[in-house]
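Just below is one structure, and these are the notes that go with it.
Convention: sequence-line order gives letters A, B, ...; per-chain numbering from 1.
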Amino acid sequence: MTYPKKVLHKLLFDMMLIRRVQLAIESRYMDNEMKTPVHLCIGQEAVAAGVCAHLKKNDYISSNHRGHGHYLAKGGNLKALIAELYGRETGCSKGRGGSMHLVDTGAGHYGSSSIVGGGIPIGTGIGMAIKMQRQKRVSTVFFGDGAADEGVLYESINFAVLKKLPVIFILENNQYSVCSHISARQTGNSIFHALPAKMLPSKIVDGNDALAVYDASGKAVERARTGKGPSFIECRTYRIRGHAGCASQDVSGYRTAEEISQWGKRCPITSFQKMLLKKKMITENEIHKTEKKINSRIQDAFDYARQAAPPAPETLSANLFRE
Amino acid sequence: MTYPKKVLHKLLFDMMLIRRVQLAIESRYMDNEMKTPVHLCIGQEAVAAGVCAHLKKNDYISSNHRGHGHYLAKGGNLKALIAELYGRETGCSKGRGGSMHLVDTGAGHYGSSSIVGGGIPIGTGIGMAIKMQRQKRVSTVFFGDGAADEGVLYESINFAVLKKLPVIFILENNQYSVCSHISARQTGNSIFHALPAKMLPSKIVDGNDALAVYDASGKAVERARTGKGPSFIECRTYRIRGHAGCASQDVSGYRTAEEISQWGKRCPITSFQKMLLKKKMITENEIHKTEKKINSRIQDAFDYARQAAPPAPETLSANLFRE
Amino acid sequence: MLTSENKIMIHEPDFFRECGACKRVIGYPEAIREALQLAMQNDRRVFIMGQGVDDPYGMFGATKDLHREFGRERVFDTPLSEGALTGISVGAALAGMRPVYFHNRPDFLLLAMDQLVNHAAKWSYMFGGAVHVPMVVWACIGRGWGSAAQHSQALQGLFMHIPGLKLLMPSTCHDAKGLMLAAIDDENPVLIIDHRLNFNTTGLVPSGPYTVPIGRGIVRRPGRDVTVVAVSHLVTDAFHAAQDVSSQGIEAEIIDPRTLRPLDEELILASVAKTGRLIIADCGWKTGGVTAEIGALVAEKGFAYLKAPIMRLASPDLPTPAAGNLEEAFYVGRNDIRKAMIEIVR
Amino acid sequence: MLTSENKIMIHEPDFFRECGACKRVIGYPEAIREALQLAMQNDRRVFIMGQGVDDPYGMFGATKDLHREFGRERVFDTPLSEGALTGISVGAALAGMRPVYFHNRPDFLLLAMDQLVNHAAKWSYMFGGAVHVPMVVWACIGRGWGSAAQHSQALQGLFMHIPGLKLLMPSTCHDAKGLMLAAIDDENPVLIIDHRLNFNTTGLVPSGPYTVPIGRGIVRRPGRDVTVVAVSHLVTDAFHAAQDVSSQGIEAEIIDPRTLRPLDEELILASVAKTGRLIIADCGWKTGGVTAEIGALVAEKGFAYLKAPIMRLASPDLPTPAAGNLEEAFYVGRNDIRKAMIEIVR
Ligand SMILES: Cc1ncc(C[n+]2csc(CCOP(=O)(O)OP(=O)(O)O)c2C)c(N)n1
Ligand SMILES: Cc1ncc(C[n+]2csc(CCOP(=O)(O)OP(=O)(O)O)c2C)c(N)n1
Ligand SMILES: [Mg+2]
Ligand SMILES: [Mg+2]
């Protein structure tokens, strides 16, 4: 299978952008200016990038506490993201949400939940609305292996299959829920893989391989868009940083240094760049330029965010209700 | 396979007892003395009888709103049941529970929930306690197809498999939740059948065939008792009466008269009796005697219940807490 | 018990109803049904879902046969899955629809608390107003015939505590329709808690569309001696009790808050300013419930008016017992309110 | 933020603590941990479960390394599955065990409401006392560092409304241990809602086993001018505020109810009988919450003592905002209490 250069470059760009943004957040996190619990997705960039490469601006996503990657890959506004982390009025959620509650309706992102599993039925409901409105949009739901502990996933998938909704369930299996390994919580491969394919096509892919994610989700999006119903994709990946905060804040004792380093070697970005270089789909110089471009955008975003004003305390009560 | 006569007679006795009790309740329901919403299990007797035939007195069951059959098959006290329906202080729940909330700890019955699915995790937790206490008891969970709509089933099964608990999940699929056919609520065979047998042995049986239920649950109980973990059995059956109340209170329009009459012809008791007679495992006379015995026990229970005193209003606040 | 066939319908008492010159009498279930019908006719975004909305019971009549008029795409049965389906309503609302999600009983909302409280109620605020969730959830308190502890809970005391939810409790046929229409019109999550006893009443209901304003209570009966704030079907009980004691020279002012959140504080305070006495009658539990909030509100903002201790009439802090005679001891009603009226003016 | 390493521990203020001659100072998390350790040593039926109880964080230190002492059969991690796991606790309790189920935050209890409210709380009553459910659920209110709307809720106002649940909120290291031991001893479902701010304190804690009686509050500071009933970490704030205004001649009596359900009504009423004034300070929402119940209680049963309107200090009726400066505007604390004390005695 060959891929258009544009697609490959887009995948790389998105992954690099997500990574650089995470690193930039991390590098400034100990300044104690971003007073919000960040959940970095370093190592998991291929999932968001690979899936969102198929989505149009007005397609929807549903995201979770570890949502910077989903937000950026879907085209969410970078400045508004960073401003949100700094608790500014110009943040995407006007400083009310913080890192775990991002939103960008223009990019089809209607808000992420920090309740594990909370976004799953919401994304399913969005799929139902799409169907009722006879639109060709799709709704993609990102959730972690921790969310797969929750019964609401079973209920939502049952409903999506029953009503043939245009929903793509993306299980981002990084093997941990905080410090709990999946083997302490679940009994094997997600039980949804065991469903007959005509009910719910499902697939396990290497979540650190952007093209594997891209391929599987391409089929799922196509299926959803043509009214054939939901799909389920499990992306096997790994959280390189600790559960929350930056590298220095991870605790030890719940996973081995080898495990982290093994997965570190399987960096989705490094391997993708190597492959592209080998196939002559990109040059070192182009990568370098991309990196510079990204870095300057990030610099701008941080400058913008840091000088922005925090919400006026008098507006504390605003927006509880829509008038 | 041949079955000891004792087992066959016990199965028949339990089914007949459950049926006669349901009919007796029904015949007096319009008297407006049992002021409690009864959910009769006429047509479903083989499930409770077939499963409970393997259970010892100190094994546990967890039941639901349609729980008369489970209670009786497990050896629950008949007089206390009828007194409970009449709202008497001598009822099994001292008149506090009514038809949907039966209890008989001496028979391993620790209370039934009328929240659909509510008893599933409770029965699972009982299984966990058994395992922690290193006992050889088993915990059997009865629930309907409506309960299989609820995420708590998925969570409970995941946990039971994870911890290898001595729990037997009995899905009593009578195809309806109130007036909603299962096809309006679920997407096909219960997804737990799709699990690998080593995780969760599962089986679909004819729930109107006491021996089919008996066979399948025998294996499940054996498995649980020997520490090999949970099993899942779906019993296909049918609710001959309406969702609640007696025959005259069923509404029409949600199922066909043919459907009811087809299932009526598959009465679990009639067919079982015929089979026993044919195999000469019982005589007409023995059946007749059993019937008389049952009827007189029921008569006694109703007499007992009807003359019993209702709870004293001064005891309204009793038993909110155990001291 | 479950059948509605042989139900005896009682006409609402002759209290103030805002019905203008309307003389049209219909039943309470029909009033709700009419609201749904009008809303669905006027707005393609409105749809109805819930376990049994399209069955022969039709949610005690409130949704009966609507699927025949609007099709099963807009009026549909659901799996029980109360947790997920609430989130599905949230999602549908975010994406431009107007879900109305029906439950037989508030007890089942306890399976949906995460989506109601953590999600629906917070979504607008948490995202700085970028999104909002126009959805209606409806549930009907069960009572009597041994419904018992898990099928009779009046949980308004829980939901009254949640910022971001609006909470309506109609007491008349007129308001059942007008509040449903207001709820569907509202851009925010609205919970309507209804009561089965209301379903046995008939009342004056204009045939066209109208809304009852959310956040505005109403004086059902003016009086000078004591203010009684009563919730849902207890408005009727309070009204009858007021008529009972009128002959003894006690004139009770009956206030129907209609919406518990937002609560019409001004109306209550103005009444207490006049009467100097307050009784609150609620069909939920006493501790930490509706009577607590309204009582504390007056002790905080209307203390100077009070001539006597407030009185709180509510269900005792117990699960509902099944036995008929215990049920009778459990529930508050007309007699309790009458006694309280007499006691408080002493 | 999540790390507890560089936490600065603050010693509890010098208020009345029931510690006798004890001079032993330990941290709040260790106090809870000690209770768990003692309970597990003394009773084979006791076990601990919850997401992360055996991880390096050890539930903010409260369960740290207990799995090493008692093994993973008695101290174990769970799937998130908060709904089922609560029911599993109920079942385990019915079958003779004594589960202690830990949650990081009360927000997650909203996924468990069905089992907590419909099941655990009702099981004993609903079966006429034939069965009972001795279980402990513990959750710790988050606050600050942008925890935001779904990770900072103080939901005691919800649970205070539920008959059949006991609700404890310790405020000192001594009580954290003694109430945990009392909860585990209790034959009924007990919910402990703790607060992250408490985890930064050290205090006097006897080393042996002891219980703090459920249903008995305590006067943390005697005073004649105003009664302040404060919840959880606000007891400390109220105490400091009382010291602040003492120089102005205002002597505030600080009451720590310790258990919100059952509530020590006598203690509160006796105090108001003395002072004639009441301030209630709670870290949950105002409407329909703890301040409502306690306010209404006094307006009902202690009206004659009151010389001034009650004052309710609580979180505004909003989801918690993330931004630091909004958080500051959101939370009540020492300053608010001090101002209220001055205002109420005027
Ligand atoms: C319902 C619920 N339970 C517990 C938590 C606490 N919590 C926050 S993030 C998290 C881990 C979730 O793991 P996973 O879904 O795999 O996502 P990941 O962090 O690995 O991306 C947990 C348990 C929560 N937020 N919501
Ligand atoms: C959580 C919950 N939702 C809804 C109900 C209302 N309800 C009572 S019984 C029932 C039907 C359940 O169907 P099923 O589990 O198949 O049991 P069956 O009645 O068929 O025996 C329903 C929906 C309930 N009791 N609990
Ligand atoms: Mg994970
Ligand atoms: Mg069924």
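No side-chain heavy atom of B/Asn173 sits under 4.5 Å from any side-chain heavy atom of B/Gln186. When side chains are defined from C-beta on, A/Gln175 counts as touching A/Trp263, because their heavy atoms get closer than 4.5 Å. Side chains of B/Tyr110 and B/Ile122 form no contact here, defined as non-hydrogen atoms less than 4.5 Å apart.
Looking at A/Leu153, only its side chain comes within 4.5 Å of chain B, counting heavy atoms on both sides. Within the 4.5 angstrom heavy-atom criterion, no atom of A/Ser156 approaches chain B.
The CZ atom of B/Arg66 sits 12.5 Å away from atom OG of B/Ser112, with the distance rounded to the nearest 0.5 Å.
By the side-chain hydrogen bond (donor to acceptor under 3.5 Å, both in side chains) test, A/Ser217 pairs with no residue at all, sequence neighbours left out.
Using a 4.5 Å heavy-atom cut-off against chain B, the contacting residues of residues 157-171 of chain A are A/Asn158, A/Val161, A/Leu162.
Salt-bridge check for B/Arg255 with B/Asp250: passed, with a basic side-chain N closer than 4.0 Å to an acidic carboxylate O.
Each of B/Arg137, B/Gln135, B/Arg225 was compared with B/Asp59 under the side chain to side chain donor-acceptor pair (under 3.5 Å) criterion, and only B/Arg225 meets it.
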